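The structure presented is a predicted model; accordingly, all values stated were derived computationally and were not measured. Convention: sequence-line order gives letters A, B, ...; per-chain numbering from 1.
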2 protein chains.
Amino acid sequence: MNITIADPQPHTMAQVLKEILLFPANGAGICPVRDVLDRIGDKWSLLIILNLGAEENLRFNELRRRVAGISQRMLTVTLRNLEADGLVDRTVYAEVPPRVEYRLTDLGHSLTGVVIGLTNWATAHTPAIAAARARFAG
Amino acid sequence: MNITIADPQPHTMAQVLKEILLFPANGAGICPVRDVLDRIGDKWSLLIILNLGAEENLRFNELRRRVAGISQRMLTVTLRNLEADGLVDRTVYAEVPPRVEYRLTDLGHSLTGVVIGLTNWATAHTPAIAAARARFAG
DNA sequence: CGGTATCCGTCGTGATACTG
DNA sequence: CAGTATCACGACGGATACCG
């Protein structure tokens, strides 16, 4: 699979951004972009989506082991939010001991494309950012 | 201009995500994806980048008018952070009254592609999320 | 015009303990 | 195993006032 983002033609890129800014209201507080970030911008959502996207489904403690450092509380909280947003499906099996499986919904899967875009940019430009920070600090 | 994200082939998509998760350490706290989000995940950075991407350059108060709702303090703080990360250039002209222009660096421009990806996803799926929320609440 | 300085409320997050 | 409940802290962001 390859993810292609067309080489940005500076001028047209600005046009696209203008259209985005015109949309409903970015001047106001309700911008679609802010909406996504309010969803995945917290500390754990993205890592959870990444992990669920990599496996068909994961149980609570499997997920907890993979997302090292997350507390039980925050895993629960974050999963509930993702479930509420329709990004994650939660299936409880009536067994003892209890088994709960989490998987991405179609909506959740559609987000992974965006996440990969973010990741590609991040890995490509993290060095440049680090350099900029060093320059700015010095 | 068109931005194309290849239609996700479920299986290969999972492969890509696995590779991402293997990278240095997502288990630990230092994930490149988290890095980007720590940068643009705050309340105002994205809107500022969007606006600077749409215009060649903008002065402080021009920017302030466009990003309605932002306080003077937060505009300053956010711009300083973006400058430190090498995403925004700040030019001070020695005039009276003072004139300060902000513009995206090349690094900053490279981010707009990602931002547009985010926006496209957002505008496309916001209704689905709203529906999910309603379902979950009810 | 383009900032800084200070104060203060709120929210996200973590630690800990307990439960069906 | 997969949670919930409670508390407590720290960072983020807003309001206000002042400055070169």
Legend entry - Members of residues 36-44 of chain A that approach DNA chain C, where some heavy atom sits under 4.0 Å away: A/Asp42, A/Lys43, A/Trp44
Legend entry - Other residues, nucleotides, ligands: >12 heavy atoms within 6.0 Å of A/Glu95 CD: yes
Inset, instruction - Please identify each residue that fulfils side chain to side chain donor-acceptor pair (under 3.5 Å) with B/Thr78, with sequence neighbours left out. - result: none
Inset, instruction - Compare every heavy atom of B/Arg80 with every heavy atom of A/Phe136, then report the nearest pair and how far apart it is. - result: CZ-O, 4.2 Å
Inset, instruction - Using the heavy-atom set of chain B and a strict 4.0 Å cut-off, write down the first and last nucleotide of DNA chain D that makes it in, 5' to 3'. - result: D/dG13 to D/dG20
Legend entry - Summary of ring pair (Phe, Tyr, Trp, His ring centres under 6.0 Å) pairs that have at least one residue in residues 46-102 of chain B, sequence neighbours excluded: none
Inset, instruction - Only counting residues at least two apart or in another chain, list the ones meeting side chain to side chain contact (heavy atoms under 4.5 Å, CB included) with B/Asn57. - result: B/Glu101, B/Arg103
Inset, instruction - Identify whether any heavy atom of B/Arg64 sits under 4.0 Å from a base atom; if not, whether one sits that close to sugar-phosphate; answer base, sugar-phosphate or nothing. - result: nothing
Inset, instruction - List in chain and number order the residues that pass side chain to side chain contact (heavy atoms under 4.5 Å, CB included) with B/Arg133, two or more places apart in sequence or in another chain; answer none if no residue qualifies. - result: A/Arg39, A/Ala84, A/Asp85, B/Ile129
Inset, instruction - State yes or no: do B/Leu87 and B/Val92 share one hydrophobic cluster built from I, L, V, M, F, W and Y residues joined by side-chain heavy-atom distances below 4.5 Å, directly or via other members? - result: yes
Legend entry - ring pair (Phe, Tyr, Trp, His ring centres under 6.0 Å) partners of B/Trp121, counting only residues at least two apart: B/His125
Inset, instruction - Looking at every strand, decide which applies to A/Glu95 at a 4.0 Å heavy-atom threshold: base, sugar-phosphate, or nothing. - result: nothing
Legend entry - Residue pair B/Asn51 / B/Leu47: nearest heavy atoms and the distance that separates them: ND2-O, 2.8 Å
Legend entry - Sub-4.0 Å heavy-atom contacts from residues 78-92 of chain B onto DNA chain C, ordered by number: B/Arg80, B/Arg90
Legend entry - Closest-nucleotide ordering on DNA chain D, the 5'-leading residue of A/Arg73 and A/Arg99: A/Arg99
Legend entry - Residue closer to the 5' end of DNA chain C, A/Gln72 versus A/Pro98 (nearest nucleotide): A/Gln72
Legend entry - Global bending angle along the helix from C/dC1-D/dG20 to C/dG20-D/dC1, which compares the axes of five pairs at either end, to 10 degrees: 50°
Legend entry - Segment of DNA chain C, first to last nucleotide, that comes within the 4.0 Å heavy-atom reach of chain B: C/dC1 to C/dT6
Inset, instruction - Please examine the side chains of B/Thr112 and A/Val16, heavy atoms only from C-beta on, and report whether any two atoms are closer than 4.5 Å. - result: no
Inset, instruction - Can you sort out the partners of A/Val96 under side chain to side chain contact (heavy atoms under 4.5 Å, CB included), two or more places apart, ordered by chain and number? - result: none
Inset, instruction - Could you pull out all residues at least two apart from B/Ala54 that satisfy side chain to side chain contact (heavy atoms under 4.5 Å, CB included)? - result: A/Leu17, A/Lys18, A/Leu21
Legend entry - Rounded distance [0.5 Å steps], CD in B/Gln72 versus CZ in B/Arg64: 4.5 Å
Inset, instruction - Look only at the side chain of A/Ser45 and the backbone of A/Asp42, and say whether a donor-acceptor pair between them is shorter than 3.5 Å. - result: no
Legend entry - A/Thr12 side chain to A/Gln15 backbone, donor-acceptor under 3.5 Å: no
Inset, instruction - Using a 4.0 Å heavy-atom cut-off across all strands, classify B/Tyr93 as base, sugar-phosphate, or nothing. - result: nothing
